[in-house]
Amino acid sequence: MASEGLTRRRGGAGASPAIGSASPIMSDSPSFPSSSAGPRRSGNAANAPTSSAGGSGGAGAMEGRGKIAYDPRDFENGGEAETMPRLTIMEEVLLLGLKDKAGYLSFWNDNISYALRGCILIELALRRRIAMVKDPSRRRLALADRLIEVIDDRQTGETILDEALKMMKSSEKYGTGAWVDLMSGETWNVMKIGYQLKQVRERLAKGLVDKGVLRTEKRNFLLFDMATHPIADMNAKDDVMRRTLTLLTARTAAIPPQALHKEGVKYRHMRAVVLVCAAYASSVLENALQRLSYDSREAAFARCDDILAEFSTWPFGITTSNTAGPVSIGGGTRKSQGTSGGVGRESVQELVREVRKEMAQSTSGQAGAGGGQEEQEELCFEVVATVLEIFGRMDSLLTCDYNS
């Protein structure tokens, strides 16, 4: 069966009529020249832009050659694809948790599945597919209880994201906390069990196999065989590890470029924040910090705790000013005061300012385009803050105390 979003080229002599007729994205015109089209052209005439089907040369078919099958939806997000990173947030978190050679997650990690569902909502919000419902009275509700809605139902090209988007589009509106619970299957309502996204970790791993980051092997575990996914491209995982480690151990207040995605990726600083917070909630952050000394590792966890506290409120960093200066850290729901101190505190403050700049640039661009979507952009970031607030209330973090 032909997969969506793939471009295929069929030769005139080798094209299969059965495949061409079965695929809904193939051209309706036959790929073989008809007898009424006249004799084949020779010489320079063969390079003429007119096709044998009577269309223009833009159709991409020469006389006697097969046509190119394409999905029109591939061109809808052409500009967006240039500003999106190669890996989604869910895939980066999964990479941090995978054992390099064994190719599987720790059997004792029961937090990553729930956190990955939250990452799905964050990724959709950063791609401007979902946002908070624009209702002034929502501020009376807790962040997790505020309703979210689909504002753009275009496909993203990522299977799990598109499945979640389609489900949210066809469903009634729920709060962010309810959606994370429903997609995780944590509900007592049997009528809503169909909202659960199944085998998310395995599907993400298979997606990374398609991207060339992982490979598939079979391992025998006593009584049964299990598919594992060892790392095939260590550069991809090293990049995720480097960005995570650099952000949490930087010795300067300024955010190092090594802690961010490459230039051109949209919301570089926001994605850096989400990566470390999601890894923290998924109990895989320690994999990136295991080579540090004990004191350095504890300082990195403390800085991550401060980052989560600042970005799990809306607006972000309510205790951080837009100008440099001594400001208290930890206005979030989890900590009343910052724990990293010194350069770490200044680094978190600078991170808040950089994210605010990204938000301002994005909203000004929307307003400049005449779309009137400045407030809608902020509603997308409000979803991100809500998911991070849910991460901050997870049992895996509430039971941690890195000050002792």
Side-chain angles (χ1 to χ4, degrees), residues 89 92-100 105-106 108-112 115 234 237-261 268-269 271-313 316-317 319-320 324-355 388 391-404:
I89 297 170
E92 291 181 341
V93 172
L94 185 70
L95 270 182
L96 286 177
L98 281 176
K99 302 178 185 295
D100 294 351
L105 295 165
S106 171
W108 310 109
N109 190 340
D110 56 354
N111 300 313
I112 189 170
M234 280 303 301
K237 182 168 184 177
D238 289 343
D239 177 64
V240 179
M241 299 271 284
R242 171 182 52 78
R243 284 187 279 113
T244 303
L245 193 61
T246 304
L247 183 66
L248 297 179
T249 61
R251 297 175 179 269
T252 59
I255 308 301
Q258 295 81 6
L260 308 172
H261 280 287
R268 300 165 66 208
H269 293 83
R271 285 185 173 275
V273 168
V274 171
L275 174 60
V276 296
C277 292
Y280 191 22
S282 303
S283 301
V284 299
L285 181 60
E286 189 167 355
N287 295 347
L289 309 177
Q290 57 187 355
R291 297 182 180 179
L292 299 178
S293 64
Y294 176 81
D295 291 339
S296 299
R297 186 166 60 252
E298 295 303 299
F301 275 119
R303 185 179 301 189
C304 186
D305 205 45
D306 285 342
I307 292 174
L308 181 59
E310 286 295 290
F311 286 93
S312 60
T313 60
F316 292 137
T319 61
T320 301
V327 182
S328 63
I329 286 292
T333 58
R334 299 188 59 243
K335 298 286 183 180
S336 59
Q337 292 182 351
T339 58
S340 54
V343 176
R345 180 165 58 248
E346 296 174 2
S347 177
V348 176
Q349 293 174 356
E350 185 62 25
L351 195 56
V352 172
R353 298 186 189 102
E354 291 296 336
V355 170
L388 295 182
F391 286 170
R393 291 189 283 108
M394 289 180 64
D395 293 339
S396 59
L397 301 188
L398 291 176
T399 56
C400 294
D401 184 3
Y402 294 105
N403 289 325
S404 59

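Because only heavy atoms are used, hydrogens play no part in the values below, and waters and symmetry mates are left out as well, while side chains stay in.
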Output all residues satisfying salt bridge (charged side-chain N to carboxylate O under 4.0 Å, His left out) with [X], sequence neighbours left out; order by chain, then residue number.
{"X": "R271", "result": "E123"}
{"X": "D110", "result": "none"}
{"X": "R268", "result": "E263"}

Rounded distance [0.5 Å steps], [atom1] in [X] versus [atom2] in [Y]:
{"X": "N111", "Y": "Y280", "atom1": "CG", "atom2": "OH", "value": "12.0 Å"}
{"X": "L285", "Y": "T244", "atom1": "CG", "atom2": "OG1", "value": "7.0 Å"}
{"X": "L351", "Y": "I307", "atom1": "CG", "atom2": "CD1", "value": "5.5 Å"}
{"X": "L247", "Y": "Q258", "atom1": "CG", "atom2": "CD", "value": "11.5 Å"}
{"X": "L289", "Y": "M241", "atom1": "CG", "atom2": "CE", "value": "8.5 Å"}
{"X": "C277", "Y": "E310", "atom1": "SG", "atom2": "CD", "value": "11.0 Å"}

side-chain hydrogen bond (donor to acceptor under 3.5 Å, both in side chains) contacts touching residues 284-293 (sequence neighbours left out):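 Listed by first then second residue: S293-S296.
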Pairs of donor and acceptor atoms involving the side chains of residues 248-255, under 3.5 Å and at least two apart or interchain, shall be tabulated with distances.
residue, atom, partner, partner atom, Å
T249, OG1, L245, O, 2.5
T252, OG1, A254, O, 3.1

Heavy-atom side-chain contact between D100 and M234 under 4.5 Å: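 Side chain of D100 against side chain of M234, heavy atoms only: contact under 4.5 Å found.
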With a 4.5 Å limit on heavy-atom distance, are the side chains of L308 and L388 in contact?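 They are in side-chain contact.
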Check your understanding: Counting N and O atoms only, with roles assigned by atom type, does the side chain of R243 sit under 3.5 Å from a partner on the main chain of A272, one being a donor and the other an acceptor?
Key ->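 A pair under 3.5 Å: no.
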Which heavy atom in [X] sits nearest to a heavy atom in [Y], and how many Å separate them?
{"X": "R303", "Y": "V348", "value": "CG-CG2, 4.0 Å"}
{"X": "S283", "Y": "N109", "value": "O-ND2, 3.9 Å"}
{"X": "A115", "Y": "F391", "value": "O-CZ, 3.5 Å"}

Report task. Evaluate the criterion side-chain contact (heavy atoms from CB on, under 4.5 Å) for residue pair L94 and V284; output intermediate values, then yes/no. Result -> CA-CA 8 Å; L94 185 70; V284 299; over 6 Å; no
* Just jot down the ring-ring contact (aromatic ring centres under 6.0 Å, His included) partners of F316, sequence neighbours excluded, or say none. =>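 Applying ring-ring contact (aromatic ring centres under 6.0 Å, His included) to F316 gives F311, W314.
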